[in-house]
Amino acid sequence: MLDLPGYPDAELLYLSRAHVIECLAGVDPVAVTADALRRHTLGETILPDEAYLPWQTPAGHAARSLGMPGAIHTDDGLALGMKVINGSLGNPGNGLARSQGLLMMFDVETAYPWAVMESAYISALRTAAVTAVGAQWLGPDPIGRLAVLGCGTLAQAHLRLLPSVLGKLTEVSLFDLDPTRSAGLADALRADPDTGHLAVAATATARECVEGADLVLAATITTEGYIAYDWLKPGALIAHVSLDDVLPEVVTRADLVVVDDWGLVSHDDRRLLGRMWRAGTLRDADGAYRPGATPDPAAARVHGSLGDVIAGRHPGRAAPTDIVLSNPFGMSILDVALGAVVAGTARERGLGLRIPR
């Protein structure tokens with residue numbers, strides 16, 4: 001058989017979801033995430049644009065594949081990787097998680113992929129960790145009530161992490177367009193020893209869920225805004241990890257608007273802030289409008305990034321009654337940072353399946 005030179009025998013390390021969970025069991029994802037956000041602000045990362053592949057499933061559901069490369073300088077050296085995360089809006093109706101994917105880690109010297117791991121768990125965990133970091137650096141004190149809009153996988157990931165981070169949390173309100181999902185999640189939280197002490201309520205409306213909450217988590221798949229400014233409690237932090245839950249008035253009237261990476265957010269015309277930037281109703285952190293946009297004198301402003309706050313480049317919340325909007329895009333460098341920990345731990349412990357190449 002014809003072979004080509006330069007391709008020596010090597011192994012690819014494959015890590016299943018169970019291996020990923022095992023490797024992360026002793027890791028503080030909030031600390032890893034906060035460090036990665038800080039390093040990003042300090043220029044210690046490489047974050048290219050993502051690749052977006054949309055299609056329609058045979059059943060008529062919207063589906064997509066995202067290719068998200070990234071690199072970050074860690075205490076152990078440069079970590080390089082790429083996440084491919086795919087999703088179909090038809091999956092939940094079939095009892096499946098909406099998204100699934102793989103994370104590849106690359107060798108710094110040869111550039112060869114040396115580890116591949118299940119990435120949906122890492123993706124959900126780092127998203128929840130960003131919310132936790134935001135709560136620590138931008139949230140009111142205390143955060144006693146948490147509102148969760150959308151009761152799918154992402155909400156569950158947050159509710160596994162946040163109660164251990166928010167030491168003063170006493171209440172959780174839940175809302176989902178499917179009442180059986182919010183009721184089921186409420187029952188699960190009450191039955192869990194880690195959350196059984198919380199007062200949990202599945203609400204009939206989104207407004208009922210949000211009103212009075214110190215931290216509002218939007219974790220839905222909606223493309224139409226519905227959260228109004230007057231629903232929000234003075235001092236509330238809105239963790240807008242989905243696409244379009246807040247109305248433009250929330251962006252315009254919030255006392256502080258924070259993102260994770262302005263370049264990614266502003267380039268995405270599928271998300272609210274990207275659309276507002278194009279329309280001239282949102283300015284960047286320097287107060288500038290998008291070139292070519294029609295400037296709106298009442299335009300809102302993005303004040304900076306969460307990494308800016310952690311690194312001391314922005315003071316963050318100015319007053320206890322400030323309403324703060326955190327609108328992270330979701331950066332691949334966070335997946336890579338956690339993936340580097342997972343892959344390194346797996347190699348040390350001899351975990352995973354080694355596949356010849």
Side-chain angles (χ1 to χ4, degrees), residues 89 98 127-128 130-132 134-135 138-140 143-159 162 166 169 171-179 181-182 185-186 200-260 265 268-277 279 281-282 296 298-303 306 317 320-330:
L89 295 186
R98 182 171 64 93
T127 305
V130 170
T131 299
L138 298 172
I143 295 179
R145 181 178 174 188
L146 166 65
V148 179
L149 299 155
C151 295
T153 301
L154 199 54
Q156 294 170 36
H158 277 79
L159 288 166
L162 290 180
L166 307 178
L169 185 66
E171 299 179 56
V172 177
S173 56
L174 306 170
F175 175 76
D176 195 282
L177 290 177
D178 181 352
R181 295 178 69 178
S182 53
L185 182 54
V200 181
T203 63
T205 66
R207 180 167 188 163
E208 181 185 353
C209 182
V210 168
E211 288 184 330
D214 303 298
L215 173 58
V216 178
L217 169 65
T220 76
I221 57 174
T222 187
T223 56
E224 295 183 9
Y226 59 93
I227 299 175
Y229 182 83
D230 64 4
W231 294 10
L232 302 170
K233 176 183 177 180
L237 168 64
I238 306 96
H240 194 240
V241 302
S242 44
L243 299 179
D244 286 312
D245 293 75
V246 299
L247 292 169
E249 65 181 53
V250 174
V251 182
T252 301
R253 298 176 65 184
D255 298 285
L256 181 65
V257 179
V258 173
V259 297
D260 54 0
V265 171
D268 189 352
D269 60 4
R270 299 184 301 274
R271 303 191 186 205
L272 175 61
L273 267 63
R275 296 196 305 272
M276 292 179 69
W277 168 244
T281 57
L282 183 67
D296 183 343
R301 178 179 172 183
V302 169
H303 298 91
L306 182 52
R317 174 186 291 271
T321 56
D322 282 355
I323 289 180
V324 180
L325 174 66
S326 174
N327 194 105
F329 183 90

Test side-chain hydrogen bond (donor to acceptor under 3.5 Å, both in side chains) applied to Ser173 - qualifying residues, sequence neighbours left out: Arg145
Between CG on residue Leu232 and CD1 on residue Ile238, distance to nearest 0.5 Å: 4.5 Å
Val130 and Val241, any side-chain heavy atoms less than 4.5 Å apart: no
Side-chain heavy atoms of Met276 within contact of Thr252, under 4.5 Å: yes
4.5 Å side-chain heavy-atom contact, Asn327 and Val257: no
Leu272 side chain near Val246 side chain, heavy-atom distance below 4.5 Å: yes
Non-hydrogen atoms of Ala228 and Leu247 that approach each other most closely: CA-CD1, 3.9 Å
Validation row: Ile221, Leu243 side chains within 4.5 angstrom (heavy atoms): no
Sidechain-backbone polar pair: Ser242 side chain, Ala218 backbone, donor-acceptor under 3.5 Å: yes
Inter-residue atom distance Ser326.OG - Asp260.CG, 0.5 Å rounding: 7.5 Å
Straight-line distance of Thr205 OG1 to Tyr226 OH, nearest 0.5 Å: 11.0 Å
Shortest non-hydrogen contact from Leu169 toward Val172: CD2-CG2, 4.2 Å
Minimum heavy-atom distance Tyr229-Glu249, with the two atoms named: N-OE2, 2.8 Å
Closest heavy-atom pair and its distance - Ala213, Cys209: CB-O, 4.4 Å
Side chain to side chain donor-acceptor pair (under 3.5 Å) partners of residues 207-224, not counting sequence neighbours, each pair once: Arg207-Glu211, Asp214-Lys233, Thr220-Asp245
Donor-acceptor pair, side chain of Asp255 and main chain of Ile323, under 3.5 angstrom: yes
Atom pairs and distances, donor-acceptor, side-chain atoms in residues 146-153, under 3.5 Å, two or more places apart:
none

Closest heavy-atom pair and its distance - Ala254, Leu325: CB-CB, 4.3 Å
Listed partners of Arg275 passing side-chain hydrogen bond (donor to acceptor under 3.5 Å, both in side chains), at least two apart: Asp244
Under the side-chain contact (heavy atoms from CB on, under 4.5 Å) test, residues paired with Leu138 that sit two or more places apart: Leu237, Leu256, Val258, Leu306, Val309, Val324
Thr281 side chain to Ala299 backbone, donor-acceptor under 3.5 Å: no
Residues forming a salt bridge (Lys or Arg N to Asp or Glu O under 4.0 Å) with Arg271, sequence neighbours excluded: Asp268
Student check: side-chain heavy atoms of Arg181 and Leu185 closer than 4.5 Å: no
Closest non-hydrogen atom pair, Val265 against Phe329: CG2-CB, 3.8 Å
